Amino acid sequence: MSSTSKTSVFTLLDIGRSLQRMITTHYNKPYWIKTEIAKLNAYTKSGHCYPDLVEKQNGQVLAQMRATIWADTYKRIAQQFEEITKKPIAEGMTVLILTKVNYHPNYGFSLNILDIDASFTLGEMAKEKLESLKRLKAEGIFDLNKSLNFPKIPKRIAVISVQTSKGYQDFINIITESYSYLNFEIELFPALLQGDKAITSIAEALECIESRKKEFDVVTIIRGGGGDVGLSCYDSFVLASKVARFPLPVISGIGHSTNETLVEMVTYANKITPTDVAYFFIKIFQERLVELKNLNLQIQSLVKFKLKEEQLDLKHQHQEFKTQVNILLQNHRYNLKEQRQRIKSTIPSLLKAKLDGLSRSSYQLSWLSKQKFQKQDQDLVLISRTLDKESKNKIKNQYQYLNHLSSTLNLLSPERLLQRGYTLNLVNDRIIKSSTELKPGDRLKTIFADGYAESNVIKIEPNEKN
């Protein structure tokens with residue numbers, strides 16, 4: 001071993017103290033440093049925090065150092081940071097820290113963090129949000145969910161929420177209790193609703209719903225209470241793109257009224273609170289009920305108008321038929337009377353002519369045998385019977401035809417029409433033929449086959465076709 005009598009020998013403590021003096025001299029004031037938190041290393045028991053700081057470029061670590069935030073300082077910084085950014089200090093964040101460079105012979109080199117500029121991190125978050133928004137639009141998926149056809153009646157609702165949250169309970173109380181008659185079908189898909197783990201949790205719930213998409217009409221993501229803290233997960237490009245591409249309309253109600261998150265921007269509709277979401281569905285349902293009621297009224301009005309129109313037409317046909325029957329009966333009576341007169345006048349003259357002929361013939365044909373005379377007498381009887389039979393048949397046929405016409409007329413009588421289900425409407429004993437003859441408040445008397453009913457006119461709806 002060589003001699004060290006002429007060589008200076010220092011102790012480890014000497015070197016340590018020398019470095020401490022040098023760093024204290026040259027780094028005698030705090031510095032603002034831009035860095036990324038690789039690992040937070042916060043200890044709940046002591047309250048101290050020992051973050052590992054790192055600087056990267058293209059995924060390669062260029063520098064890394066250990067820092068210290070003492071308990072009181074960490075408590076103050078964390079509270080201010082969360083109030084401004086609405087998000088707790090977390091690993092992976094790019095931050096701007098105010099730090100004092102320290103070196104201790106025993107503990108080594110460290111950065112003592114005095115403050116964190118939350119507004120810088122907020123700006124970084126806003127920048128990242130803006131870039132994600134541009135990407136959503138550039139990829140053509142920003143308006144995909146908004147462009148979906150919304151169901152006429154959103155009855156089957158898939159809910160992504162936490163069962164114990166106040167927002168979910170408010171939603172259920174309104175939509176299934178206060179408006180239970182609407183019979184909504186609700187199924188809960190539990191998920192975390194805030195923090196970084198919420199991104200994966202909500203995405204998994206959406207995937208589960210998508211696998212059963214035929215069972216639902218819409219999806220809603222609802223969150224109540226808790227303020228705006230932990231909502232940065234809804235600015236995630238991954239979650240926003242999944243919501244934007246979802247095949248069912250998504251309605252958001254995550255319970256805050258500040259800047260819209262990316263997820264809220266891409267949903268079909270964004271409501272502030274779960275209560276607003278509930279009333280959104282209820283309003284649509286009630287609008288459809290009003291449409292159905294109006295349609296029912298229109299159908300009723302159209303049926304009434306058609307019945308009145310048919311009644312008027314039937315009445316006109318009945319009157320016309322009655323007139324034609326009367327004319328036909330008169331003609332047949334006249335013809336029958338003429339035939340009777342003709343028969344009545346013809347028979348005596350015919351008989352007289354025959355008798356005269358026989359009388360003359362008796363003188364001229366006295367030589368005819370008694371048998372020949374009897375034959376002529378039989379011929380007369382046969383002719384008389386034939387005439388009598390034809391007259392009776394003719395009269396019988398005419399009476400049968402008249403009876404048929406009378407039966408047909410009876411089938412078309414107003415009494416028979418009432419028995420078939422038609423009704424007759426009167427106001428002040430005057431038949432009403434059109435809705436224009438009515439006004440609200442009129443006392444309407446409706447006559448049926450077995451009686452009548454009285455009612456008040458409430459509303460008059462004319463037929464749109466007229």
Side-chain angles (χ1 to χ4, degrees), residues 82-83 86-88 145-146 148 150-206 208-210 212-213 215-236 239-240 242-243 246 248-290:
E82 193 166 297
E83 288 175 354
K86 310 302 179 185
K87 185 175 183 179
N145 199 259
K146 298 178 186 296
L148 295 175
F150 199 81
K152 281 287 185 181
I153 301 179
K155 182 181 179 66
R156 304 172 301 169
I157 306 173
V159 180
I160 299 177
S161 186
V162 178
Q163 187 172 11
T164 56
S165 73
K166 183 179 182 301
Y168 176 71
Q169 295 303 323
D170 290 343
F171 177 84
I172 291 297
N173 290 338
I174 292 172
I175 209 165
T176 63
E177 295 182 15
S178 300
Y179 292 85
S180 58
Y181 67 94
L182 297 179
N183 294 322
F184 283 101
E185 297 175 12
I186 310 296
E187 183 171 346
L188 174 65
F189 291 82
L192 297 175
L193 297 179
Q194 62 186 45
D196 293 335
K197 292 183 179 179
I199 298 173
T200 302
S201 183
I202 295 174
E204 289 175 351
L206 287 171
C208 184
I209 296 170
E210 186 172 4
R212 299 168 51 196
K213 62 182 179 181
E215 301 176 27
F216 303 101
D217 299 315
V218 292
V219 178
T220 182
I221 304 173
I222 55 176
R223 166 190 177 274
D228 296 341
V229 176
L231 292 181
S232 60
C233 60
Y234 297 99
D235 283 325
S236 163
L239 184 57
K242 195 167 192 65
V243 171
F246 202 72
L248 296 176
V250 179
I251 312 300
S252 58
I254 61 176
H256 78 109
S257 57
T258 55
N259 293 332
E260 273 190 311
T261 63
L262 290 179
V263 168
E264 292 171 300
M265 291 179 186
V266 300
T267 55
Y268 184 91
N270 174 38
K271 303 299 173 182
I272 301 301
T273 66
T275 299
D276 294 330
V277 175
Y279 284 116
F280 171 78
F281 291 130
I282 291 167
K283 182 181 178 183
I284 294 175
F285 216 114
Q286 291 176 331
E287 287 174 352
R288 298 299 175 266
L289 288 177
V290 171

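Hydrogens, waters and symmetry mates are skipped; everything else that's a heavy atom, side chains included, is used. Source: prediction; values computed, not measured.
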Heavy-atom side-chain contact between Val250 and Val218 under 4.5 Å: no

Atom of Phe246, atom of Ile209 and distance for their closest heavy-atom approach: CZ-CG2, 3.8 Å

With the threshold set at 4.0 Å, does a side-chain nitrogen-carboxylate oxygen contact exist between Glu215 and Arg212? yes

Is the distance between the ring centroids of Phe216 and Phe189 less than 6.0 Å? yes

Does Gln286 reach the main-chain N or O of Phe281 with its side chain, forming a donor-acceptor pair under 3.5 Å? no

Can you tell me if Thr267 and Asn270 form a side-chain donor-acceptor pair at under 3.5 Å? no

Over all atoms of both residues, closest heavy-atom pair of Leu248 and Lys213: CD1-O, 3.9 Å

Validation row: Phe285, Phe280 side chains within 4.5 angstrom (heavy atoms): no

Side chain to side chain, Ile254 and Thr261, heavy atoms closer than 4.5 Å: yes

Chi angles and distances behind the side chain to side chain contact (heavy atoms under 4.5 Å, CB included) call for Thr176, Phe171: CA-CA 8 Å; Thr176 63; Phe171 177 84; over 6 Å; no

Show your reasoning for whether side-chain hydrogen bond (donor to acceptor under 3.5 Å, both in side chains) applies to Ser201 and Glu204. CA-CA 5 Å; Ser201 183; Glu204 289 175 351; 5.4 Å; no

Could you grab the distance from atom OG1 of Thr273 to atom NZ of Lys166, nearest 0.5 Å is fine? 9.0 Å

Is there a side-chain contact between Lys155 and Asp217 in this structure, where contact means two heavy atoms from C-beta onward sitting under 4.5 Å apart? yes

I'd like to know if the side chain of Asp170 reaches the main chain of Gly167, judged simply by a donor and an acceptor atom lying under 3.5 Å from each other, with no hydrogens or angles considered. no

Distance-only, no hydrogens or angles: does the Tyr279 side chain make a donor-acceptor pair with backbone N or O of Pro274 under 3.5 Å? no

